[in-house]
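Chain A is the first sequence line, chain B the second, and so forth, proteins listed ahead of strands; every chain is numbered from 1.
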There are 2 protein chains.
Amino acid sequence: MVQGVGPMAREAAPERRRQILDAAVRVFARQGFHSTRVADIAEEADVAYGLVYHYFSSKENVLDELFRERWSLLLEAINEADQSPSTPREKLAVAAGFIIDSYRYDPELMKVIIVDVTRAADSFGRTHLEQINAAYTLIAKIVAEGQEAGIFRDDIDPRFASMTFYGAIEQLLSGWIFGLIPATDQDLDEARGLVVRTICEGLEKR
Amino acid sequence: MVQGVGPMAREAAPERRRQILDAAVRVFARQGFHSTRVADIAEEADVAYGLVYHYFSSKENVLDELFRERWSLLLEAINEADQSPSTPREKLAVAAGFIIDSYRYDPELMKVIIVDVTRAADSFGRTHLEQINAAYTLIAKIVAEGQEAGIFRDDIDPRFASMTFYGAIEQLLSGWIFGLIPATDQDLDEARGLVVRTICEGLEKR
DNA sequence: CCCTCCTGATTGACGCGTCAATCGGTGGCC
DNA sequence: GGCCACCGATTGACGCGTCAATCAGGAGGG
């Protein structure tokens with residue numbers, strides 16, 4: 001059955017769902033969540049307006065799914081790094097690397113997640129504060145372990161350090177997303193090491 | 001015409017304007033920009049609906065003014081610090097201190113600026129990207145000077161370091177705003193030194 | 001092998017609530 | 001008497017979500 005030509009061929013439900021999700025990423029990335037209409041998603045997905053509501057309960061629910069899919073992978077990755085026998089610094093490097101690679105691999109999706117969820121902690125992000133906070137907590141755990149191991153200074157609240165670390169990374173992504181700092185492949189390659197080094201060693205010469 | 005007591009006494013225009021701006025801060029902080037109606041601002045300001053449009057061209061224009069007022073002070077403060085004969089580290093401390101003190105002094109205003117402008121870089125913040133970017137640039141300048149003076153490592157792009165520094169601070173404010181990390185007076189007192197030290201010295205013991 | 005009926009995927013016009021912004025006024029003050 | 005601060009009902013656009021109609025493929029009986 002030819003797909004995409006002529007009258008819409010039937011497809012297995014899961015594929016349709018994916019088709020809509022993928023289209024939504026493109027549209028959200030292009031226009032932002034607030035200014036995309038459900039009709040835009042449907043059009044981009046080559047699907048009828050109503051079908052979006054067949055698979056999702058609302059426009060928010062679409063963004064919802066996109067966020068959960070990716071964020072759960074992030075939490076998993078950080079958690080896994082924490083379980084490994086690496087040094088705290090290596091664990092933080094894994095966390096930073098995962099986020100940066102997510103951007104490298106699928107910049108549109110990450111743009112949507114950062115701009116419309118993570119940084120929009122008022123409106124939509126509020127729903128996901130708990131998930132987002134879970135990431136901060138995992139990072140704080142790594143910092144705390146580094147302190148117990150005597151590697152990190154212990155005069156700083158791990159939660160505080162965690163916010164600093166994550167904030168630095170997110171700001172870099174934002175800079176790339178908004179074209180404020182260059183984002184060549186090489187920049188992305190260097191970024192991970194640079195953030196980790198900056199946070200872990202600081203700016204001053206030693 | 002029961003406007004509190006008797007017919008509304010006329011007030012000098014600038015006072016009315018301020019009255020509306022101050023009310024807007026409270027409402028925006030409480031409900032967020034998107035979910036506050038112009039009617040809410042008018043009510044909070046004890047002013048007629050239409051008067052808001054007498055002094056401002058739109059709801060966005062109100063937020064606009066609030067942002068400009070505070071952000072210009074920020075740019076001024078950083079610029080002034082840069083002109084002073086202090087060390088780069090002291091200059092960065094001034095910048096961090098100004099932002100943190102802004103929050104201490106008027107948390108509602110800073111909440112609005114961070115949540116609805118600075119972090120909302122898609123929708124509304126887009127208008128102010130240039131202003132926001134100006135802050136990054138000033139900070140980058142301080143870093144660059146530190147590098148030229150041989151105080152900071154020079155294997156890191158100043159713009160990159162600037163994003164890291166600002167991102168860390170904004171994330172702290174966000175943490176306070178959303179109640180993710182404690183924000184007692186003491187926390188605020190310590191925060192400035194801690195961010196600067198974390199960024200300038202790093203997490204590892206030396 | 002064909003016809004028929006059934007299921008559920010798919011469609012898109014429409015209803016309805018929500019606000020931003022306008023506009024025709026009113027009244028005090030100089 | 002004219003100007004200007006001030007008022008708030010009204011308008012009109014906009015977009016989400018609904019829902020009744022349509023259509024395609026498959027199962028089963030003849």
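- Residue-level contact check: A:S35 touches neither bases nor backbone, having no heavy atom under 4.0 Å from any strand.
- Between the P atom of C:dT22 and the CZ atom of B:F56 lies a distance of 16 Å, rounded to the nearest Å.
- Residues meeting the side-chain hydrogen bond (donor to acceptor under 3.5 Å, both in side chains) test with A:K141, sequence neighbours left out: A:D82.
- Aromatic ring pairs are classed by plane angle as parallel below 30°, tilted from 30° to 60° and perpendicular above 60°; the pair A:W71 and A:F67 is parallel.
- Which of D:dC16, C:dC19, D:dC6 sits closest to the side chain of B:R37 comes down to C:dC19.
- Each of A:S57 and B:G50 was assigned the nucleotide of DNA chain D with the nearest heavy atom; the assignment lying further toward the 5' end belongs to B:G50.
- Residues passing the side chain to side chain contact (heavy atoms under 4.5 Å, CB included) test with A:L109, sequence neighbours excluded: A:V25, A:L66, A:R70, A:D106, A:I113.
- A:N133 meets the side-chain hydrogen bond (donor to acceptor under 3.5 Å, both in side chains) test with A:R159; sequence neighbours excluded.
- Sorted by first then second residue, the ring-ring contact (aromatic ring centres under 6.0 Å, His included) pairs that include residues 72-113 of chain B, not counting sequence neighbours, are B:Y103-B:W176.
- Regarding B:Y53, its OH atom lies at a distance of 16 Å from the C1' atom of D:dC6, rounded to whole Å.
- Shown here are the side-chain hydrogen bond (donor to acceptor under 3.5 Å, both in side chains) partners of A:S84, two or more places apart in sequence or in another chain: A:S86.
- We find that NE2 of B:H54 is positioned 7 Å from C1' of D:dC4, with the value rounded to whole Å.
- If you check C:dT10, C:dA21, D:dG17 against the side chain of B:S58, the one that comes closest is C:dA21.
- Taking atom CD on A:E43 and atom C1' on D:dG15, their separation rounds to 15 Å, with Å as the unit.
- Taking the C1' atoms of five terminal pairs at each end of the helix from C:dC1-D:dG30 to C:dC30-D:dG1, the two resulting helix axes are inclined by 20°, rounded to 10°.
- Contacts classified as salt bridge (Lys or Arg N to Asp or Glu O under 4.0 Å) and involving residues 176-186 of chain B (residues at least two apart or in different chains) are not found.
- Checked against side-chain hydrogen bond (donor to acceptor under 3.5 Å, both in side chains), B:E190 has the following partners two or more places apart in sequence or in another chain: B:Q186.
- Taking only side-chain nitrogens and oxygens, B:R16 comes nearer than 4.0 Å to OP1 or OP2 of D:dC6.
- The CG-C1' distance, from A:L51 to D:dG17, rounds to 14 Å in whole Å.
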Show the distances under 3.5 angstrom between N or O atoms of the protein and N or O atoms of nucleotides 10-13 of chain D.
none

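- To the nearest angstrom, C1' of C:dT18 lies 15 Å from NE2 of B:H34.
- When the P atom of D:dG15 is taken as reference, atom CD1 of A:I41 falls 13 Å away, rounded to whole Å.
- What separates CG of A:D46 from C1' of C:dT10 is a distance of 14 Å, to the nearest Å.
- Once rounded to the nearest 0.5 Å, the distance linking CG of B:D189 with CG of B:L194 reads 11.5 Å.
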